[in-house]
Amino acid sequence: MARVAIIMGSTSDLPVMQQAIDVLKELGVPTEVDIVSAHRTPEKMFEFGKQAHERGIQVIIAGAGGAAHLPGMVASLSPLPVIGVPVKSSNSIDGWDSVLSILQMPGGVPVATVALDGAKNAGILAAQIIGASDPEVLKRIIAYKEGLKEKVIKGAQQVKK
């Protein structure tokens with residue numbers, strides 16, 4: 001059963017959102033992936049937002065470019081934590097419109113927002129949220145972060161040579 005849902009507004013967002021899919025797979029967190037457009041399939045978005053928690057989803061990662069309404073609209077419908085990924089798309093103004101659309105949510109409708117095209121961090125954050133109550137996922141997060149540390153140490157040693 002999927003624990004994290006990764007949704008995006010269109011297939012053009014997939015190259016960015018693939019980073020979240022890949023890191024969650026690496027961390028052993030089951031995911032489901034779908035295209036849910038806030039503007040082109042609003043009925044699907046409403047159904048998804050209202051029912052995700054009933055299907056065992058624990059965290060939603062929503063990526064969107066341009067006007068980027070998907071993360072906020074899903075957050076308004078769901079009791080689950082939503083992580084928004086602003087995507088620099090072809091109809092985006094250097095990505096800032098996407099960042100601000102996701103970041104500037106009204107009180108009562110939070111969306112955790114990562115950097116522009118920062119889907120990898122969204123995946124890691126989703127795993128950390130799940131790891132707060134799942135010791136096995138927490139162990140994998142700890143190992144992942146240890147691996148990051150080791151990579152930096154090896155890089156530093158190579159630079160000194």
Side-chain angles (χ1 to χ4, degrees), residues 1-36 48 52-53 55-72 74-75 78-105 109-161:
M1 172 174 34
R3 298 179 80 179
V4 176
I6 300 169
I7 58 173
M8 61 208 82
S10 70
T11 56
S12 64
D13 299 328
L14 185 57
V16 169
M17 300 306 289
Q18 187 66 47
Q19 299 169 44
I21 297 165
D22 292 345
V23 76
L24 285 164
K25 184 175 184 179
E26 180 182 343
L27 293 168
V29 178
T31 62
E32 67 175 44
V33 180
D34 202 356
I35 305 296
V36 180
F48 172 86
H53 68 284
R55 296 184 292 104
I57 299 298
Q58 295 173 292
V59 181
I60 298 168
I61 298 173
H69 290 117
L70 182 62
V74 169
S78 179
L80 298 174
V82 175
I83 303 168
V85 179
V87 176
K88 185 177 179 185
S89 62
S90 61
N91 66 338
S92 184
I93 304 168
D94 292 333
W96 276 108
D97 50 342
S98 303
V99 171
L100 293 173
S101 291
I102 298 171
L103 184 67
Q104 294 295 99
M105 292 301 298
V109 187
V111 174
T113 310
V114 295
L116 183 65
D117 292 342
K120 182 175 185 177
N121 275 352
I124 294 166
L125 180 56
Q128 289 175 315
I129 291 168
I130 291 169
S133 61
D134 183 324
E136 291 304 312
V137 173
L138 182 62
K139 285 180 193 175
R140 292 193 291 271
I141 288 287
I142 291 168
Y144 179 84
K145 290 195 170 219
E146 186 64 28
L148 293 176
K149 180 176 103 176
E150 292 300 321
K151 187 175 179 181
V152 170
I153 290 169
K154 286 180 184 177
Q157 290 170 345
Q158 288 178 340
V159 168
K160 289 180 182 181
K161 288 183 181 179

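- The only member of Met17, Met8, Gln18 that meets side-chain contact (heavy atoms from CB on, under 4.5 Å) when paired with Val33 is Met8.
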Given Gln58 and Ile129, is the side chain to side chain contact (heavy atoms under 4.5 Å, CB included) satisfied, shown in steps?
CA-CA 9 Å; Gln58 295 173 292; Ile129 291 168; over 6 Å; no
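- Contact record, Leu125 with Ala112: CD2-CB, 4.2 Å, taken as the closest heavy-atom pair.
- Between Thr31 and Ile61 there is no side-chain heavy-atom pair separated by less than 4.5 Å.
- Shown are Ser98, Ser101, Pro71; of these, the side-chain contact (heavy atoms from CB on, under 4.5 Å) with Pro86 is made only by Ser98.
- Taking the side chain as every heavy atom from C-beta outward, Leu24 and Ile6 approach each other to under 4.5 Å.
- Between atom CD1 of residue Ile130 and atom CZ of residue Arg140 there is a gap of 10.0 Å, rounded to the nearest 0.5 Å.
- Within the model, atoms CD1 of Ile102 and OG1 of Thr113 stand 6.0 Å from one another, a figure rounded to the nearest 0.5 Å.
- Sorted by first and then second residue, the pairs that involve residues 6-16 and meet side chain to side chain donor-acceptor pair (under 3.5 Å), not counting sequence neighbours, are Ser10-Ser12.
- One distance of note links CD1 of Ile7 with CD1 of Ile57; it measures 10.0 Å at 0.5 Å rounding.
- Nearest heavy-atom pair, Ala75 versus Val111, reported as atom, atom and distance to 0.1 Å: CB-CG2, 3.6 Å.
- Between Val137 and Arg3, the closest side-chain pair of non-hydrogen atoms falls below 4.5 Å.
- Using a 4.5 Å heavy-atom cutoff, the side chains of Lys120 and Asp22 are not in contact.
- Residues Phe48 and Asp34 are not in side-chain contact: their nearest non-hydrogen atoms beyond the backbone lie 4.5 Å or more apart.
- When all heavy atoms of Leu70 and Ala64 are compared, the pair lying nearest together is CB-CB, 4.1 Å.
- A 4.5 Å side-chain heavy-atom check between Leu27 and Ile141 finds at least one atom pair inside the cut-off.
- Residue pairs meeting the side chain to side chain donor-acceptor pair (under 3.5 Å) criterion with at least one partner in residues 147-158, sequence neighbours excluded, are Glu146-Lys149.
- Asp117 places a side-chain N or O within donor-acceptor distance of the main-chain N or O of Lys88, the cut-off being under 3.5 Å.
- Counting only heavy atoms from C-beta outward, the side chains of Ile83 and Ile60 never approach each other to under 4.5 Å.
- Side-chain atoms of Lys139 and Ile142, non-hydrogen and from C-beta on, never get closer than 4.5 Å to each other.
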